[in-house]
Amino acid sequence: MNKLAPDFLLPIPPIFSFRECLWFLDRNYDDIMHRVTETSVTKPFRVGKKVALLEISEEEGKLLVQFRGGDLVEENDLREQVIALFDLGANLAPFYERLKADDELAFMAKEFFGLRLIGIPDLFEAICWSIIGQQINLSFAYSLKRRIVELAGEKITYDDHVFHAFPTPARVVALTVEQLRPLQFSGRKAEYLIGVANAFESGEISKAQLLALPTTEAMVQRLTSLRGVGEWTAHYSLMKSLKVPTSVPYGDVGLYNALAALKKLPKRPSRTELASVFAPFQGHEAYLTLYLWRSLAVR
DNA sequence: TCCCAGGGGCATC
DNA sequence: GATGCCCATGGG
């Protein structure tokens, strides 16, 4: 039976660290999309037009998911959302085998043990977030996200704290460039965001539509047809939202910095040089990218 | 002050 | 298809 919105438990797969995932969610950045404590994360999840606020913690080897407010949503849909957030469906064993076989990268299997690809299940949010993050430093990117979410996102209050869901395409379509400029969005970013929202509203793009495409290449092509979405944004979105395991955000500065530090690659590596590092990780490129990003941060 | 940031579009050759 | 320029602003 599919119950409505009470608490439930999710089994934890092998090679999973809740602590490591929480650390990644927090990372010293001011992320408005969730609240992280030592032992839990509280976050709104969107299912269709509904938004449910969930608190997730670890309890006796399982994830405990508790309903904290918002709309009542089918439990199965919520399970799916939480599984997507922590990428619980992935089997990391093959990726770890490859990591351990690499002299310079083997340390990551131990130091970042159990880190999962933290997802952005909502494709619209994933694309917007990557557009916001283009070419500006991360802390500024988080401030911009906070401002647009506070302006247009849905709000749920719980425990004297206001939680925000990322605005729907319909809400972003209603915004204007003139509204976003004072929030320090560049004119270009504002245009891109509203344009992408229009594409979702008109049905020009959707997650289901992308999932139906036969190849990653076709998905990238579809995404890059949107103004403001280049190769980097397309791959980043595929990685975070659709969990495409082979996607690598080519051109990513952070990725290059990590490879320069660990693999002595040039600051601007060629496609060939990148390929040489990624070759042994075929089928696990997204996870290698995630762990390389992770290596940039000091705990 | 200068350079860089989890890029992308566009013109030009 | 490669290269150069522009966009915009916080952070170091």
Side-chain angles (χ1 to χ4, degrees), chain A residues 23-33 108 112 115 117-120 123 125-148 166 176-199 205 217 219-244 247-263 265-275 277-278 285-298:
Chain A
W23 177 88
F24 193 84
L25 280 166
D26 215 18
R27 275 193 298 168
N28 302 321
Y29 289 115
D30 176 34
D31 195 330
I32 190 175
M33 302 311 301
M108 301 201 289
F112 313 147
L115 172 63
L117 181 44
I118 303 300
I120 305 177
L123 178 65
E125 177 184 343
I127 296 176
C128 288
W129 172 228
S130 43
I131 288 174
I132 290 171
Q134 288 169 2
Q135 192 55 22
I136 55 176
N137 65 67
L138 267 181
S139 47
F140 184 41
Y142 278 102
S143 330
L144 290 182
K145 181 167 78 167
R146 168 174 288 278
R147 289 172 197 159
I148 190 172
F166 196 83
T176 62
V177 173
E178 292 69 34
Q179 260 177 298
L180 292 175
R181 282 293 292 131
L183 305 186
Q184 291 182 291
F185 283 77
S186 65
R188 206 86 84 182
K189 264 193 213 304
E191 286 170 21
Y192 293 166
L193 293 174
I194 295 168
V196 168
N198 266 303
I205 186 115
E217 202 172 294
M219 297 183 193
V220 171
Q221 201 167 23
R222 173 65 60 86
L223 285 168
T224 51
S225 72
L226 300 169
R227 191 158 176 270
V229 178
E231 192 181 24
W232 178 86
T233 305
H235 280 283
Y236 184 90
S237 304
L238 287 178
M239 175 179 170
K240 294 289 274 190
S241 194
L242 276 66
K243 302 292 180 66
V244 173
S247 53
V248 178
Y250 296 101
D252 185 87
V253 178
L255 176 63
Y256 294 169
N257 287 341
L259 288 174
L262 297 174
K263 284 291 192 180
L265 254 52
K267 206 169 176 194
R268 267 204 180 153
S270 68
R271 207 69 167 217
T272 319
E273 287 166 319
L274 280 176
V277 175
F278 277 91
E285 289 89 340
Y287 260 94
L288 180 56
T289 301
L290 171 70
Y291 274 58
L292 287 168
W293 280 337
R294 175 66 182 83
S295 75
L296 291 168
V298 186

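Partner assigned to C:dG11 is B:dC3, using Watson-Crick or G-U wobble distances below 3.5 angstrom.
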Look for any protein N or O under 3.5 Å of an N or O in nucleotides 9-13 of chain B and output each such pair with its distance, or none.
residue : atom : partner : partner atom : Å
B:dG9   : OP1  : A:G228  : N            : 2.8
B:dC10  : OP1  : A:R227  : NE           : 3.4

Between the protein and nucleotides 10-12 of chain C, list every N/O to N/O distance that falls short of 3.5 Å.
residue : atom : partner : partner atom : Å
C:dG10  : OP1  : A:Q184  : NE2          : 2.0
C:dG10  : N2   : A:N137  : ND2          : 3.4
C:dG10  : N3   : A:N137  : ND2          : 3.0
C:dG11  : O4'  : A:N137  : ND2          : 3.4

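Residue A:R181 places at least one side-chain N or O under 4.0 Å from the OP1 or OP2 atom of C:dT9. A close approach under 4.0 Å does not occur between any side-chain nitrogen or oxygen of A:S130 and OP1 or OP2 of B:dG7.
Whole-Å rounding puts the A:L193 CG to B:dG7 C1' distance at 13 Å. Between A:L296 atom CG and B:dA5 atom C1' the separation is 13 Å, expressed in whole Å. Rounded to an integer number of Å, the gap from CG of A:N257 to C1' of B:dA5 is 10 Å. Rounding to whole angstrom units, CG of residue A:L183 and P of C:dT9 are separated by 12 Å. The NZ atom of A:K189 sits 11 Å away from the P atom of C:dT9 (whole-angstrom rounding). Per the geometry, CD1 belonging to A:I136 stands 21 Å off P belonging to C:dC6, to the nearest Å. Put simply, OH on A:Y142 is 17 Å from P on B:dA5, counting in whole angstrom units. If you measure from atom CZ of A:R268 to atom P of C:dT3, you get 9 Å, rounded to the nearest angstrom.
With values rounded to the nearest 0.5 angstrom, A:M108 atom CE is found 4.5 Å from A:L292 atom CG. In this structure, OH on A:Y192 lies 14.5 Å from CZ on A:F185, to the nearest 0.5 angstrom. Of the inter-residue distances, the one linking A:L193 atom CG with A:L180 atom CG reads 7.0 Å to the nearest 0.5 angstrom. Here the OG-CG distance, from A:S295 to A:L255, works out to 9.5 Å after rounding to the nearest 0.5 Å.
In this structure, A:Q135 reaches the bases: a heavy-atom distance under 4.0 Å links it to at least one base atom across the strands shown.
Relative to the ring axis of A:F24, A:R294 does not place its NZ or CZ within 45° and under 6.0 Å from the centre.
Of the possible donor and acceptor atoms, one in the side chain of A:Y256 sits under 3.5 Å from a partner among the backbone N and O of A:G251. Checking side-chain atoms of A:T224 against main-chain N and O of A:V220 turns up a donor-acceptor pair under 3.5 Å. Side-chain N or O atoms of A:K189 include one that pairs as donor or acceptor with a backbone N or O of A:Q134 at under 3.5 Å.
Using a 30° and 60° split on the angle between ring planes, A:Y142 and A:W129 fall in the tilted class, from 30° to 60°.
For A:T233, the side-chain atoms get nearest to B:dG8 when compared with the rest of B:dG8, C:dA8, B:dA5.
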